[in-house]
Amino acid sequence: MTAPVESKLGLPQDRIDQARELARRIARPVNQFIERHTTVSVERATLRLAGADGANAEGIPVPNLVVDQVRDRLEDGALLPYVNALVRTGDSVDGLNQKIAQGFRVDELPLGDRGALERKAEELVEAFATRVKANRAFRAACQERFAGRNHSPLLYVIVATGNIHEDVKQARAAAFQGADVVAVIRTTAQSLLDYVPYGATTEGFGGTFATQENFRIMREALDEEMERQERYIYLTNYASGLCMPEIAAMGAMERLDMMLNDSIYGILFRDINMYRTFVDQKFSRMINSFGGLIINTGEDNYLTTSDAVEKAHTVLASQFLNERFARDAGLPPRLMGLGHAFEMDPWLPNGFLLELAQARMAREIFPEHPLKYMPPTKHMTGNIFMGHVQDAMFNFASKASGQGIHLLGMLTEAIHTPFMMDRALALENARYVMNSMKDFASEIEFKKDGLIVRRAHQVLEETVDFLEVLDRIGLMEALEQGLFAEVKRPRDMGKGLEGIQERGPDYYNPFETYLASELGLSAN
Amino acid sequence: MTAPVESKLGLPQDRIDQARELARRIARPVNQFIERHTTVSVERATLRLAGADGANAEGIPVPNLVVDQVRDRLEDGALLPYVNALVRTGDSVDGLNQKIAQGFRVDELPLGDRGALERKAEELVEAFATRVKANRAFRAACQERFAGRNHSPLLYVIVATGNIHEDVKQARAAAFQGADVVAVIRTTAQSLLDYVPYGATTEGFGGTFATQENFRIMREALDEEMERQERYIYLTNYASGLCMPEIAAMGAMERLDMMLNDSIYGILFRDINMYRTFVDQKFSRMINSFGGLIINTGEDNYLTTSDAVEKAHTVLASQFLNERFARDAGLPPRLMGLGHAFEMDPWLPNGFLLELAQARMAREIFPEHPLKYMPPTKHMTGNIFMGHVQDAMFNFASKASGQGIHLLGMLTEAIHTPFMMDRALALENARYVMNSMKDFASEIEFKKDGLIVRRAHQVLEETVDFLEVLDRIGLMEALEQGLFAEVKRPRDMGKGLEGIQERGPDYYNPFETYLASELGLSAN
Amino acid sequence: MIARPYGDTLDDGAVQFSFTLPVPEGPLGREAARQLVEKWGFEQVDVVHSHSLSEGFSFYVAYGRATTGIDLAGIQVEEATGPSVYTMDEANEIVRTRLGRKVVVVGACTGFDAHTVGIDAIMNMKGYNHHYGLERYPEFEAYNLGAQVPNEKLIDFAVKVQADAILISQVVTQKDVHIQNLTQFIEMLQARGLREQFLVLVGGSRIGNKLAVELGFDGGFGKGTFAEHVATFIVDRLLEREA
Amino acid sequence: MIARPYGDTLDDGAVQFSFTLPVPEGPLGREAARQLVEKWGFEQVDVVHSHSLSEGFSFYVAYGRATTGIDLAGIQVEEATGPSVYTMDEANEIVRTRLGRKVVVVGACTGFDAHTVGIDAIMNMKGYNHHYGLERYPEFEAYNLGAQVPNEKLIDFAVKVQADAILISQVVTQKDVHIQNLTQFIEMLQARGLREQFLVLVGGSRIGNKLAVELGFDGGFGKGTFAEHVATFIVDRLLEREA
Ligand code: B12
Ligand code: B12
Ligand SMILES: Cc1ncc(COP(=O)(O)O)c(C=O)c1O
Ligand SMILES: Cc1ncc(COP(=O)(O)O)c(C=O)c1O
């Protein structure tokens with residue numbers, strides 16, 4: 001993925017630089033807002049990093065119980081009271097968690113000696129850092145051991161039965177069939193829950209709950225498959241929605257490898273409040289970066305509602321913004337799986353060429369990034385035979401343009417979440433096409449000033465123009481006006497607004513401090 | 001099809017010229033043999049051109065009855081006795097045909113005044129020429145009227161129910177679904193019959209008998225569909241096997257538009273005697289040329305038994321030979337549908353690139369020829385989903401390399417002759433792929449000295465080497481040694497040998513003379 | 001007329017199947033697949049392909065000949081609208097002249113469903129595939145509440161604006177979640193004594209009129225629906241009611 | 001164990017169908033397609049796609065849930081050879097040591113069939129997919145008569161060389177032409193009182209052991225057959241006979 005990318009399109013570097021500079025300027029006021037705020041989810045994520053886990057009899061998770069207790073003094077952060085309780089009670093983390101689940105209130109204990117508390121907190125940071133570093137080392141060792149055994153691009157499939165145990169069967173079968181990446185799709189609307197359910201789950205619709213136990217179960221199964229298939233199998237979930245940072249925390253701890261994670265997706269597609277989203281995304285990305293997880297951004301979503309020709313520039317603009325926000329959260333380019341999608345109308349003359357132009361453009365503009373290419377969905381129909389051919393063209397475009405992560409299209413996309421056989425056919429399709437035209441990309445040149453080259457230049461120009469507008473009016477204003485995805489999101493509306501909290505002068509979060517320093521973010 | 005073909009491969013023109021020169025030399029002794037001989041089928045074809053038709057109660061066709069009667073003096077040709085009978089009896093052609101079918105012997109009548117006979121014969125030639133010219137004019141007018149409405153390449157499907165009436169339904173449906181060309185596949189083993197059955201037929205296996213009445217029925221149906229779809233629909237059959245020239249004659253009269261017609265296919269794949277085949281092919285091609293029919297040569301067949309990488313040069317060598325023999329029979333390049341096939345192993349790394357190289361190579365070497373590209377067959381399996389993707393890649397390769405005639409692959413190739421729905425899915429596949437990457441060919445260049453370019457050069461070199469061997473040992477010897485398709489065919493074996501006849505000094509065939517002069521062949 | 005599947009000859013009964021069995025790939029699985037298709041009533045069954053999906057699962061492609069057909073005469077086509085639908089102008093004209101008041105329509109994607117593209121296609125100004133949506137109809141007052149609207153809220157809103165018709169979109173159907181949600185909606189309406197007050201329509205890519213009527217709706221609309229179909233249905237039903 | 005088709009949950013019964021009906025595209029056709037699949041015994045039938053194939057024909061893709069499964073315990077797998085086959089060397093060794101004479105085998109593509117690739121794969125030196133053919137077996141004498149051999153001629157030849165086994169390949173199966181031809185072959189053998197004299201084997205991509213045995217052959221061989229399978233079968237049967 002990090003081989004230097006040859007320029008086939010001759011895109012003007014000055015315009016690319018200009019777009020990046022605009023993105024930096026657009027992000028700056030947002031970052032200033034982020035720095036002054038925390039959220040209930042950031043605090044719960046911090047507690048999770050410290051070890052808070054479990055749930056009470058009604059299923060309310062311990063991190064939520066703690067944050068609810070200290071909600072009125074959240075400007076100081078939620079960690080200190082939790083650490084204080086550990087020190088006061090002398091309990092282990094697990095012991096304290098159980099107590100809290102049974103109703104114990106940490107907020108009622110007076111704070112002890114600051115030095116002792118901070119030492120305890122440092123201990124917890126240490127434990128967390130050790131665990132996550134071990135995860136990273138283990139992943140690196142496995143990838144080293146099975147070097148060269150994954151496909152390029154990585155073949156990424158989803159499982160979505162709603163039942164973690166059924167998901168495991170599907171995931172194992174997918175690994176057997178050649179998948180490199182397994183994403184466990186979340187149940188519909190989990191993104192709108194302001195807590196993360198606890199334990200193994202078997203009841204989801206269109207997906208399975210993201211819980212730490214589910215992560216663990218799937219990780220274990222995939223590690224076994226890795227040994228069997230002699231190929232590292234990446235595990236993916238969603239650090240997205242109202243619990244973005246908490247899921248990132250769980251993922252770092254359970255060694256997930258990728259997370260769907262976008263700086264504005266929740267605002268646009270889940271009607272989550274924009275302040276909340278911006279603050280949450282940053283902390284989630286710091287955790288992802290430290291955990292070595294590749295993020296998958298959600299630009300594909302623009303094209304499920306808007307036209308792929310008309311709105312191509314919104315995809316590229318969003319990629320620049322996601323890149324900027326990711327960078328500001330300490331993610332290196334090699335962990336930025338910027339998203340885009342093959343959503344061209346199949347009956348558009350030369351649609352494939354336009355698509356190839358756009359895919360290659362992304363590749364050349366983001367040369368070190370493991371771009372994540374999404375399959376046709378909007379134009380898929382119940383005609384599974386036609387759909388299978390659309391997917392073949394997608395597979396061709398992906399390999400021909402040098403993508404990094406390839407989410408497989410399913411012939412039954414318009415019908416149901418994938419059956420086991422659908423996934424097998426999709427993998428076969430991709431493996432055949434991509435092997436058969438393996439070195440196509442390096443074998444061809446695009447005609448100078450041809451359709452393909454002109455299309456790429458045009459989209460880049462439109463993007464710079466669009467970013468200039470955003471820079472002029474500001475990102476928040478642009479979201480209010482509906483400039484992305486044709487939806488308008490007022491800044492004081494949307495879900496999760498009440499979970500925003502301005503930080504006080506005594507805000508304390510040694511995990512954040514630790515991450516920032518590890519990621520070289522200290523001076524923003 | 002006649003737009004100048006851009007050179008993307010940089011093939012050395014001197015080697016191409018050398019291959020053509022070798023083909024000329026290889027064909028010369030064969031042509032000398034051809035000129036000195038006729039065959040039962042050439043004579044029956046001549047009779048058919050004159051109007052001989054119908055069959056006796058046992059189903060033996062009138063042309064066969066006449067030739068059987070005059071078999072012992074066939075060195076003079078069979079036409080004169082037939083014309084003599086017309087003159088003597090004063091019967092119309094139809095009247096005489098009926099008589100002959102009832103047992104009348106033309107060979108028992110003494111020959112009348114030579115001048116009168118020749119005048120009568122000229123009349124028949126005239127009638128034939130008028131009919132075929134009218135056919136050509138009608139075709140040209142329709143193509144003019146519906147100019148720009150056919151696909152490029154022409155989308156070619158087969159019907160093969162065994163029953164002409166069922167075939168008509170399938171053909172109409174295919175036209176509705178977007179087909180440009182309909183080929184009525186012949187029943188298995190018709191090629192080995194030394195006569196052409198008579199009348200409409202409903203009993204064939206894996207295909208339908210080629211009869212003149214069946215031609216007429218299908219032509220009528222397709223002409224109706226042409227008006228409905230506003231697209232000229234080409235009709236194809238097989239001027240191949242033991243009755244090659246006769247079927248060509250029927251095709252010219254019933255306005256077929258294409259014929260499978262190869263100078264050596266019958267020898268290799270049907271074990272027809274080589275002398276017989278060579279003589280028959282020439283006359284059949286003269287008729288095809290005069291009728292304006294595009295021939296489809298059978299090079300694809302090499303790759304159904306041999307490997308597409310190893311034996312690619314036999315395909316190209318055969319194309320040069322077919323081109324030469326066709327030219328010697330008066331066919332212009334625009335009527336030479338030289339064959340080749342997408343038979344690369346789907347699991348071969350970069351197999352698609354090799355295939356693309358070979359397809360493009362054919363295009364550049366034969367720039368004015370409507371190349372006929374055949375779909376994957378050998379590597380198709382019962383996995384119809386995978387097969388549909390193989391066909392998609394074939395569709396891509398065809399459009400990307402600028403082919404002329406595209407025989408559609410069927411997802412059920414390994415299972416059964418096409419169902420109506422199979423054909424519809426195949427047409428949809430091709431229409432989608434080819435429209436979506438419409439101008440791909442003109443949008444890309446191949447890398448200098450890349451895999452694709454090197455492959456094309458290599459095949460050309462191997463071809464020249466191979467043609468040199470053929471030139472050295474002679475074509476007939478090469479066929480005896482099994483240098484093509486790995487089958488050995490002794491020159492004095494094979495079907496139809498007994499139907500060969502050396503021409504006498506008084507050999508008379510004004511149809512041949514007329515065709516030769518129309519085609520500018522007088523001085524060979 | 002009895003219609004039977006058609007491959008290449010009338011009444012040959014040709015049908016293509018694909019399915020997975022929880023059986024390892026091998027002769028047993030192939031024979032099981034063959035016998036299974038026979039058991040479903042097919043003849044000349046040919047398992048043309050099989051491959052392994054994992055240790056315990058295998059995939060089959062088969063062809064067979066149906067021995068039973070279906071009598072077309074006995075089929076009731078229950079689409080919500082017949083073959084002829086009013087154009088936008090016709091619908092408005094009828095409302096103006098024969099109903100004499102505006103038609104009020106409230107729509108939403110209910111439950112957890114966030115697939116708004118379908119309901120937008122029917123309701124939004126710009127419509128879908130060159131068919132304008134109900135918002136563009138001068139004689140219609142259309143409220144589109146968007147995604148993930150709880151049934152309760154939708155009913156409250158419909159009562160508030162005195163809607164004539166409620167339009168629900170349901171796209172996610174996994175584990176029959178749409179059926180639970182639609183049933184709950186009808187039960188709520190009934191519990192509040194409001195069922196007769198509104199025309200209730202449901203649509204979505206896996207929804208048909210049959211299912212909708214079974215669940216207690218007035219009509220159901222699937223793939224290929226345009227605002228014209230919905231307007232025609234509503235106008236005709238309102239005329240009936242008020243006649 | 002009862003095996004039922006599997007989509008994404010055990011026993012969900014998911015099956016995919018595609019077929020054509022001789023009915024114009026439209027609501028009637030779609031409903032007919034749905035009811036037809038139900039009539040075949042499937043539940044939750046969803047016709048997910050339809051399009052017109054011509055004026056009188058239409059194409060359907062459907063999914064349904066099978067209500068019946070198949071009891072694996074009741075399935076007789078009747079392959080010609082079991083899971084273990086002799087290697088080339090083993091087969092020759094057995095012939096040498098236990099039979100003590102060469103095995104004579106005659107093969108052909110019969111009737112009008114000219115698909116020689118399959119029989120060549122079994123018989124020719126070079127074999128198929130890195131499995132040598134019978135011609136390479138030192139203890140076998142193999143005669144491959146090639147394409148389009150009339151049954152009569154094949155039998156004459158087998159008698160002449162005193163064959164142990166006759167191998168027939170049949171690839172074209174349209175309108176059951178292979179069944180007619182294979183039946184004729186067996187009848188000829190019987191008429192000439194020669195049936196018991198030879199092992200008779202048939203192979204081809206649409207041939208199975210079951211069909212072959214029904215038609216009166218000793219064994220039938222389909223896709224994926226190699227010379228080893230054939231040698232194993234012949235050797236075992238000859239040993240049985242001569243024991
Ligand atoms: C776009 C899309 C999305 C977008 C939706 C954006 C939006 N604002 O709508 C996003 C990316 C957000 C999304 C998310 C999800 N999706 Co989604 N999505 C699709 C997709 C690709 C296209 C749907 C679409 O827009 N079709 C076009 C419209 C015009 O068609 P339509 O909805 O059928 O509407 C027409 C008719 O049905 C009818 N109609 C529809 N509603 C109504 C209402 C009335 C009253 C009337 C009269 C008519 C009517 O008229 C319309 C015009 O003709 C489909 C796959 C596909 N190709 O169909 C999957 C699909 C629908 N999604 C699916 C799933 C599972 C999800 C998720 C649950 C996945 C997850 N776990 O995260 C999420 C969650 C969403 C949620 N909470 O509901 C599944 C549903 C499977 C099933 N049968 O249950 C599908 C089929 C994909 C798949 N194979 O898995 N999705
Ligand atoms: C190659 C080919 C040809 C070549 C044959 C060249 C040759 N020398 O064999 C040519 C071009 C000549 C040809 C012609 C025709 N063909 Co063809 N052909 C094929 C093709 C593409 C591949 C067949 C093949 O070689 N398979 C590879 C071999 C290794 O597999 P196999 O035959 O199954 O053999 C294996 C096993 O079955 C078994 N086996 C086979 N025989 C035997 C015998 C014994 C004793 C044993 C133990 C085992 C055994 O072992 C083998 C190795 O594992 C198929 C489509 C496909 N992809 O399958 C169509 C196909 C077989 N042909 C078909 C047809 C209709 C024809 C024609 C009749 C068309 C026409 N009307 O002109 C003609 C006529 C030929 C004739 N008279 O028989 C149809 C048959 C439809 C049907 N089910 O009836 C097919 C399926 C294509 C289609 N969809 O229409 N064909
Ligand atoms: C960034 C991101 N998060 C989440 C999701 C999934 O949806 P939900 O919001 O229901 O988790 C997507 C879907 O495409 C996405 O792109
Ligand atoms: C030139 C030619 N003739 C004829 C045929 C058809 O076979 P048959 O010889 O049975 O007519 C083919 C088949 O591919 C062919 O290429």
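Chain letters run A, B, ... following the sequence lines, proteins first and then strands; every chain starts at 1.
Heavy-atom pairs under 4.5 Å with chain C peak, among D:Leu72, D:Leu211, D:Val48, D:Val61, at D:Val48. The candidate with the highest count of non-hydrogen atom pairs below 4.5 Å against chain D, out of C:Gly208, C:Gly26, C:Gly41, C:Gly69, is C:Gly69. Ranking D:Val47, D:Leu21, D:Leu36 against chain C, the residue ahead of the rest is D:Leu36, based on heavy-atom pairs under 4.5 Å.
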With 3.5 angstrom as the limit, list the donor-acceptor pairs from chain D to chain C, or say none if there aren't any.
residue, atom, partner, partner atom, Å
D:Tyr6, N, C:Thr20, O, 2.9
D:Gln16, N, C:Ser18, O, 2.9
D:Gln16, O, C:Ser18, N, 2.9
D:Gln16, OE1, C:Gln16, NE2, 3.0
D:Gln16, OE1, C:Ser18, N, 3.4
D:Gln16, OE1, C:Ser18, OG, 2.6
D:Gln16, NE2, C:Gln16, OE1, 3.0
D:Ser18, N, C:Gln16, O, 2.9
D:Ser18, N, C:Gln16, OE1, 3.4
D:Ser18, O, C:Gln16, N, 2.9
D:Ser18, OG, C:Gln16, OE1, 2.6
D:Thr20, O, C:Tyr6, N, 2.9
D:Glu31, OE2, C:Lys210, NZ, 2.6
D:Lys39, NZ, C:Gly69, O, 2.6
D:Trp40, NE1, C:Thr68, OG1, 3.1
D:Asp46, OD2, C:Arg206, NE, 2.7
D:Val48, O, C:Lys223, NZ, 3.0
D:Thr68, OG1, C:Trp40, NE1, 3.1
D:Gly69, O, C:Lys39, NZ, 2.6
D:Arg206, NE, C:Asp46, OD2, 2.7
D:Lys210, NZ, C:Glu31, OE2, 2.7
D:Lys223, NZ, C:Val48, O, 3.0

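The minimum heavy-atom distance between D:Ala3 and C:Val23, with the atom names listed, is CB-CG2, 3.9 Å. Heavy-atom minimum distance, C:Phe19 versus D:Pro5: CB-CB, 4.2 Å. Closest heavy-atom contact between C:Leu10 and D:Pro22: CD1-CB, 4.1 Å.
Heavy atoms of D:Leu53 lying under 4.5 Å from chain C are absent altogether. Proximity to chain C (any heavy atom under 4.5 Å) is shown, for D:Ala32, by both the backbone and the side chain.
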